[in-house]
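Naming convention: chains lettered A, B, ... in sequence-line order (proteins, then strands); numbering from 1 in each chain. Treat the numbers as computed from the prediction; the structure is a model and nothing was measured.
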Number of protein chains: 2
Amino acid sequence: MSANVATARLAFEVVKTACSNCNLRELCLPIGLDAAELKKLDELVSTRRRVKRGDHLYRAGQAFESIYAIRSGFFKTDVLVEDGRDQVTGFQMAGELLGLDGISGEIHSCNAIALEDSEVCAIPFSHLEGLSRQIHTLQHHFHKVMSREIVRDHGVMMLLGTMRAEERLAAFLLNLSQRFKARGYSPAEFNLRMSRDEIGSYLGLKLETVSRAFSRFQEEGLLAVHQRKVRILNTAGLRKLMSHQRNG
Amino acid sequence: MSANVATARLAFEVVKTACSNCNLRELCLPIGLDAAELKKLDELVSTRRRVKRGDHLYRAGQAFESIYAIRSGFFKTDVLVEDGRDQVTGFQMAGELLGLDGISGEIHSCNAIALEDSEVCAIPFSHLEGLSRQIHTLQHHFHKVMSREIVRDHGVMMLLGTMRAEERLAAFLLNLSQRFKARGYSPAEFNLRMSRDEIGSYLGLKLETVSRAFSRFQEEGLLAVHQRKVRILNTAGLRKLMSHQRNG
DNA sequence: CCCTGTCTTTGATCCACGTCAACCCGGCCC
DNA sequence: GGGCCGGGTTGACGTGGATCAAAGACAGGG
């Protein structure tokens, strides 16, 4: 049995992680825990897993067992319907959680695909529930994380339901910018990890429309864009454009 | 102080409810609990509240304290942005929960408005967290409910991002039908509680487009519709229309 | 009963975005 | 180097749904 365990560990590239040392403390689950509680959490998050660019972290239909905290890298999640429709439901970066949608049906309801080489912590969900029955603050924080996901989704529904193409792209870029900033990267200059097609799928637009909107922003001096390299020149302008109501 | 409490109770039209007797057991939180556990839950859900048609159950910005289980009636939730945009984010019926979006910021992030005279059970959230630390199955069920909300939102994003007007309306009607059926009502014949405008807001369409789609469905013999009275004549036809991919 | 306001339907026109198609650019392999 | 291939850009054109406008249903109130 110990041999089997060793094999399994190799397959998953298990590394002992330590939440107590992780620089994502603020973004991920463990927040406001004391030393003893952090130690318990370290034991919970026992496996780290690498996912190469283009590979699936999980697929829709697979049994749900763990949620994942992204240590580094970039992911997209998408839903694929039998009739051929598919839609990117989100882009996730370091410190964010993946897999919350799987709890309800005990099956993953979407695909999670790495957009660059990434590393995640697997958090066995039943363990998380056990621990959050012991640690009040962990429980509450987890509930907040789930709720924030719902609020985020409402924002996307708003975007898809009421905004026009350029507004959607502006909102998307400002959101990315703000998330990079929160992680200590430049909010003004970054590389897009996703293709025009993936942006379009997320925003409910065709890739040509996304491309045209980028060009337009560039013409108007709002940003400099070359392929996937984006530099925001006029944040206020983007923000104004985004909230430009179409009717009174 | 006891006088104050009495006043507060009157204001909220408190009635002693009993989850153990409630006919929504299957849909709401308490599922698979034993008698002792149900008793604890009865104590948790101590206040019932009536909301008249058109009134707010809560408003965006109000402090979040409780989630609400709908005992009877019908609600919509909507988000209103400063620039004048607004969007209906969902319609909720008996047995469903309201207010989950408020957990993250400890503030309600949307408005909940009754579309007909309704009754809800208020569930103080901190009590729910406390109880779910004691009752494993309650905790797990609550997590599933939150997760289901996320999955539902992904479905709406899919609808808004990839479907055309008639597909959206078909999906909407089939969803309503199925939820009425789950509650023991006719899946084929029901009264819409919301206006064309509200349907349009939810589906990312203008009210005229919704009205035209209804007329078209009627012409094609898929349903009979008169104002808010809807009778579905050809479920399979609607389903086929809904999943009619626009391109391969 | 008529009057009023709200919701719904229907028609005519417009426009934002999708569609189709050509071309470009950078990376990779031979 | 040249050819290939997967993105990305750009142009020309078509169309689904928005917009504008008018009129019909229905409920409530005098």
Salt bridge (charged side-chain N to carboxylate O under 4.0 Å, His left out) for B:R49 and B:E119? Distances and angles first, verdict last. CA-CA 6 Å; B:R49 182 169 154 196; B:E119 245 184 49; over 6 Å; no
Before we go on, tell me: are the rings of A:Y185 and A:F190 under 6.0 Å apart, centre to centre? no
Spacing of B:R164 atom CZ relative to C:dG18 atom C1', expressed in whole Å: 10 Å
Report the relative orientation of the aromatic rings in B:Y68 and B:Y58; use parallel for angles under 30°, tilted for 30 to 60°, perpendicular for over 60°. parallel
For A:M93, run the side chain to side chain contact (heavy atoms under 4.5 Å, CB included) check against A:R179, A:R193, A:E116 and tell me which one passes. A:R179
Shortest non-hydrogen pair, B:V88 vs B:E198, comes out as CG2-O, 3.9 Å
What I want to find out is whether A:R183 reaches A:E96 closely enough, with some N-O distance under 4.0 Å, to be called a salt bridge. yes
Hey, does B:G200 reach any base, or is it just sugar-phosphate, or nothing, if we go heavy atoms under 4.0 Å? nothing
Here the distance between atom P of D:dG11 and atom CZ of A:R216, to the nearest Å, is 13 Å
Reading nucleotides 5-10 of chain D from 5' to 3' and marking B where a protein heavy atom lies under 4.0 Å of the base, S where only the sugar-phosphate is that close, and - otherwise, the string is --SSBB
Given axes from five pairs at either end, by how many degrees does the helix from C:dC1-D:dG30 to C:dC30-D:dG1 bend, rounded to 10°? 30°
Rounded to the nearest 0.5 Å, how far does CD1 of A:I107 lie from CD of A:Q62? 9.5 Å
Would B:F91 and B:Y202 count as a close aromatic pair, with their ring centres under 6.0 Å? yes
To the nearest Å, how far apart are B:K206 NZ and D:dA21 C1'? 16 Å
Send over the distance from A:R168 CZ to C:dA16 P, rounded to a whole Å. 14 Å
salt_bridge(B:R212, B:E208) N-O dist < 4.0 Å: no
In whole angstroms, how far is the P atom of C:dG27 from the CZ atom of A:R53? 13 Å
In whole angstroms, the gap separating C1' of C:dG26 from NZ of A:K229 amounts to 16 Å
In this structure, how many angstroms lie between the P atom of C:dA16 and the CG atom of A:L203, rounded? 18 Å
